[in-house]
Q: 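Once you've had a glance at the structure underneath, I'll fire off some questions.
Note that ligands are numbered from 1 as they come in the structure, with each ligand's atoms numbered from 1 the same way. What you see below is based on every heavy atom in this structure, not just the backbone, and it leaves out hydrogens, waters and symmetry mates.
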Amino acid sequence: MNNEKILSELQNIVGKAYVSNDPAELFMYSRDPGASKPRDVDFVAMPRTTKEVQAIVKLANKFKIPVTPMGGGLTLSGLVIPVKGGIVIDMKRMDTIVEINKLSRYALIEPGVSTGQLQAFLEENYPELQVSVPDAPPSVTVAGNALINGSGFLSHQYGDHGSMLNGLEVVLPNGEICKVGSCALSDYWFTRGPIPDFIGLFTSSFGMMGIITKLSIKLYPKPKMRDLVFGLFKKSEIIPELLYNITFTELAEDILLGAQGKPDWMAGYIFIIVYITGGSQEELDKKEKRLKKIYRKNGARYMKPPPRIRDIFLEKPQFAAKAADFRKGGGFEYVGSFFPLEKVPEAMDRGMEISNKYGIIPTLGARIFGPTHTVMVFFSYSFNRADPDDIQNAKNALRDTNIMTLELGGIPWKGELRAQQMILEKMNPNYKYLLKTIKEQLDPNNIMNPGNWEVK
Ligand SMILES: Cc1cc2nc3c(=O)[nH]c(=O)nc-3n(C[C@H](O)[C@H](O)[C@H](O)COP(=O)(O)OP(=O)(O)OC[C@H]3O[C@@H](n4cnc5c(N)ncnc54)[C@H](O)[C@@H]3O)c2cc1C
C-alpha cells in the first residue's frame with residue numbers, strides 16, 4: 001500500500017485538516033469503550049459532502065483499501081474498529097438537518113446528526129413532534145443507531161429504530177450514489193414501499209453494504225403529559241402473562257423491566273416501569289389505576305418511586321448511561337439480545353447467574369418492541385479498563401451470554417466479531433449463501449468494512 005499517495009489523495013478530497021495518519025490521532029479510532037482488543041487504523045478522513053464520500057470510496061477501490069464508516073462509535077462491540085485496517089470514514093462533519101416534514105412526520109438528515117442534536121432541534125422548533133432516542137449518550141448518531149436496529153422510548157409503540165427509516169441515500173461499494181425508498185422516485189422521503197424494500201440490506205450489516213449519506217427517520221406526535229407506573233416482583237416466571245396483559249390494554253408508551261444488584265434494596269427484585277402519556281392529569285390517573293389492577297392480578301406490587309428516582313426514570317435518554325459503570329473503571333460491555341416473550345424469564349434468570357458466576361454486579365433489563373412482538377433483554381458487564389483480567393472476565397461473561405441467547409432461540413444484537421461468527425454458525429446455509437452472494441456482487445473488491453459478517 002502506497003501510504004503517502006493515499007494520504008495526499010485523501011487530502012485532495014476532504015482537505016488537509018480533515019485527514020490524518022498520525023498515530024496520536026488514530027489512537028482513539030483503534031479502540032472503543034467496550035472490551036474489544038484495539039486494532040490498527042491507517043487513516044481517518046472526515047468528509048463533508050456525499051461527493052467527498054463517493055471520492056473516498058472510489059479511491060479505496062483503486063487501492064483496494066478497506067473503509068469503515070463511523071458515527072458516534074459507541075456500540076461497545078468494536079463495530080467501527082476496522083478488522084483489516086484501512087480508512088475510518090468519520091461522518092461527524094455531515095451533520096445537517098436538511099428538512100423537517102411536519103405533516104408527513106419525518107426528518108431528513110445527514111448521518112453525522114447526533115440523537116441529542118435532533119432531539120434539541122425538535123424541542124426548540126417543533127415542540128409538538130418527537131423522535132425516539134436510545135438511552136445512549138446523546139453524542140451517538142441517529143444513523144448509527146438506526147443502522148444497528150437500536151431502540152428507544154417509542155420502540156414499544158412503533159418498533160426498533162431500523163424500522164423507523166423511510167429512506168436512505170447510499171454510496172454503494174462501487175462508488176455510485178443510490179437512493180432507497182420513496183426518495184428513489186419522489187421528492188418526498190415518506191415511505192420505504194410499495195416498491196421492493198432494500199433498506200434492510202443496510203441495517204445490521206455494519207457498514208459492509210454501503211455508506212449512508214442521508215436518511216429519513218420517522219417523527220411522532222408528542223403528548224402533553226408523561227408519567228410512569230412503577231412495580232416490583234420477585235419471580236421472573238410472571239413476566240410473560242404480566243406483559244401480555246399490559247400490552248393488551250394499549251395503554252403504554254414504553255415498557256421496561258430491570259434487575260440490578262445495586263442499590264441494595266433492588267437486589268432480588270425485578271422492577272417494571274410502564275410509561276403512560278395523556279392530555280390531562282385525569283387521563284393519566286385513569287391509566288395508572290388500570291395498570292395497578294393488572295400489576296396486582298399478575299403478582300407484581302405497585303410502588304410509588306421516590307421523586308428523585310422518578311425524575312431519573314423520566315429522563316430521555318434515560319439513566320442507563322450513568323448507572324452502568326458500577327465499578328467506576330470506565331469499561332462497560334453489553335449485549336441486548338432479541339428474544340420471543342416466552343423465553344424472557346429464563347434469559348433473565350440465566351443472565352443473573354452469569355453475572356454472579358463472574359462476580360459482576362448484575363445489571364440487566366428488557367424493553368418491549370411492539371405489543372410483545374420482540375423483547376430486547378440487555379445484559380451489561382462493567383469492568384476496569386486498566387485491568388486486563390477484569391476485561392477478560394467481562395468478555396467471558398459476554399461469550400456465555402451469547403451462547404445462552406442462541407440456545408434459547410434468541411439473537412444477539414449488534415454482535416462483536418465473535419458473536420457474528422456464532423450467529424453465522426447457527427444460520428440456515430441458504431441465508432448465508434444469500435448474504436455472501438449479495439456482498440460479493442455489490443463489493444467485488446471487498447473494501448466495505450471487511451471481516452464483518454464474513455461467511456467462511
Ligand atoms: C451507556 C450506553 C447506553 C446505551 N443504551 C442504548 C439504548 O438504550 N438503545 C440503543 O439502541 N443503543 C444503546 N446503546 C448502544 C449504542 O451506543 C447505540 O446504539 C448508538 O446509537 C450507536 O450509534 P453510534 O453513532 O455510536 O454508531 P457507530 O458505533 O458509529 O456505528 C454503528 C454501526 O453503524 C455503521 N455506520 C455508522 N454510520 C454509518 C453510515 N453513515 N453508513 C453506513 N454505516 C454506518 C458502523 O460502521 C457500525 O457498524 C448504548 C450505549 C451506551 C454506551
Q: Report yes or no: does G210 have a heavy atom closer than 4.0 Å to ligand 1?
A: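 Within the 4.0 Å threshold, so yes.
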Q: In terms of side-chain heavy atoms, does N449 have a donor or acceptor partner in T68 at a distance below 3.5 Å?
A: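 There is such a pair between these side chains.
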Q: To the nearest 0.5 Å, tell me how far Y431 OH sits from K426 NZ.
A: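 Here the rounded value is 14.5 Å.
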Q: Parallel, tilted or perpendicular: which fits the ring planes of F230 and F313, with parallel below 30° and perpendicular above 60°?
A: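 Tilted.
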Q: Under 3.5 Å between some N or O of ligand 1 and some N or O of G72?
A: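 It does: an N or O of G72 is found under 3.5 Å from an N or O of ligand 1.
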Q: On the ring face of Y18, is R48 found with NZ or CZ under 6.0 Å from the centre and within 45° of the axis?
A: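 Pair R48/Y18 does not count as cation-pi.
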Q: Under 4.0 Å from any heavy atom of L79, which atoms of ligand 1 are there?
A: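 Contacts of ligand 1 toward L79, numbered from 1: 48 (C), 49 (O).
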Q: Taking the six-membered ring for Trp and the full ring for Phe, Tyr or His, determine whether the centres of W453 and F206 are under 6.0 Å apart.
A: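 Yes, ring centres under 6.0 Å apart.
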Q: Which of the listed options, V133, I212, L147, holds the heavy atom that is closest to atom 39 (C) of ligand 1?
A: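 It is L147 that holds the nearest heavy atom.
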Q: Examine ligand 1 and decide if any of its atoms is less than 4.0 Å from a heavy atom belonging to T68.
A: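 T68: no contact with ligand 1 (<4.0 Å).
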Q: Mark up the atoms of ligand 1 that fall under 4.0 Å of a heavy atom belonging to G207, in ascending order.
A: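 Per the distance check, 44 (N).
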Q: Using a heavy-atom cut-off of under 4.0 Å, does the side chain or the backbone of I148 touch ligand 1, or both, or neither?
A: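 I148 to ligand 1: side-chain contact only, backbone stays beyond 4.0 Å.
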Q: Taking only heavy atoms of P111 into account, list the atoms of ligand 1 that are under 4.0 Å away from them.
A: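 Those qualifying, in numeric order: 41 (N).
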Q: Please determine whether any non-hydrogen atom of F202 lies less than 4.0 Å from an atom of ligand 1.
A: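 Outside the 4.0 Å threshold, so no.
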Q: Is D135 close to ligand 1, meaning an N/O of one under 3.5 Å from an N/O of the other?
A: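 Indeed, backbone or side chain, D135 has an N or O that close.
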Q: If I apply the N/O under 3.5 Å rule, does Y334 come out as touching ligand 1?
A: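 There is such a contact, yes.
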Q: List ligand 1 atoms under 4.0 Å from V80, heavy atoms only on the residue side.
A: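 Close to V80: 28 (P), 29 (O), 30 (O), 31 (O), 46 (C), 47 (O), 48 (C).
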Q: Would you kindly check if the NZ (Lys) or CZ (Arg) of R367 is within the cone defined by 45 degrees around the ring axis of F369 and under 6.0 Å from the six-membered ring centre?
A: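 No, R367 does not lie over the aromatic ring of F369.
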Q: How does V140 reach ligand 1, if at all, at less than 4.0 Å between non-hydrogen atoms: by side chain, backbone, both, or neither?
A: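 Both parts.
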Q: So for ligand 1, is G71 a polar contact partner (N or O within less than 3.5 Å, distance only)?
A: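 Checking ligand 1 against G71, an N or O pair does fall under 3.5 Å apart.
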Q: For atom 9 (N) of ligand 1, which candidate among G150, G162, S151 holds the nearest heavy atom?
A: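 The nearest heavy atom belongs to S151.
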Q: Any idea which part of P137 is under 4.0 Å from ligand 1, heavy-atom wise: side chain, backbone, both or neither?
A: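 It is the side chain that gets close, since no backbone atom is under 4.0 Å.
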Q: Can you find a non-hydrogen atom of F153 under 4.0 Å from ligand 1?
A: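 No heavy atom of F153 comes that close to ligand 1.
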Q: Would you say the ring centroid of Y334 lies under 6.0 angstrom from that of F332?
A: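 Under 6.0 Å, so yes.
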Q: Heavy atom to atom 53 (C) of ligand 1, shortest distance: which of N145, L76, V53 holds it?
A: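 Checking each option, the heavy atom nearest atom 53 (C) of ligand 1 is found in L76.
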Q: Which value, rounded to the nearest 0.5 Å, describes the distance between M266 atom CE and F271 atom CZ?
A: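 The CZ atom of F271 is 4.5 Å from CE of M266, to the nearest 0.5 Å.
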Q: Give yes or no for whether the N/O distance cutoff of 3.5 Å, strictly under, is met between G73 and ligand 1.
A: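 Yes, at least one N or O pair falls under 3.5 Å.
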Q: Looking only at atom types and distance, does a side-chain atom of K414 sit under 3.5 Å from a main-chain N or O of T75, one as donor and one as acceptor?
A: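 At least one qualifying donor-acceptor pair exists.
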Q: CG of L341 to OG1 of T374: how many Å apart, nearest 0.5 Å?
A: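 It is 10.0 Å, given to the nearest 0.5 Å.
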Q: Under 6.0 Å between ring centres: does that hold for F190 and Y106?
A: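 No.
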Q: Taking only heavy atoms of M70 into account, list the atoms of ligand 1 that are under 4.0 Å away from them.
A: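 Numbered from 1, ligand 1 contributes 30 (O).
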Q: Does A143 have a non-hydrogen atom less than 4.0 Å from ligand 1?
A: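 No, A143 has no heavy atoms under 4.0 Å from ligand 1.
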Q: State whether a side-chain donor-acceptor pair under 3.5 Å links D90 with Y29.
A: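 Yes, Y29 and D90 have a side-chain donor paired with an acceptor closer than 3.5 Å.
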Q: Evaluate L74 for polar contact with ligand 1, using N/O atom pairs at a separation under 3.5 Å.
A: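 By distance alone, the answer is yes.
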Q: With a cutoff of 4.0 Å, is F332 in contact with ligand 1, counting heavy atoms of the residue only?
A: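 Yes, F332 has heavy atoms under 4.0 Å from ligand 1.
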Q: To the nearest 0.5 Å, how far apart are NZ in K222 and CD in Q130?
A: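 Separation between the atoms: 6.5 Å.
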Q: Closer than 4.0 angstrom: is that true for some heavy atom of G152 and an atom of ligand 1?
A: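 In this structure, G152 fails to qualify as a contact of ligand 1 - no heavy atom is under 4.0 Å.
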Q: For Y381 and Y358, I'd like to know if the aromatic rings sit close, meaning centre-to-centre distance below 6.0 Å.
A: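 Here the rings of Y358 and Y381 have centres that are no less than 6.0 Å from each other.
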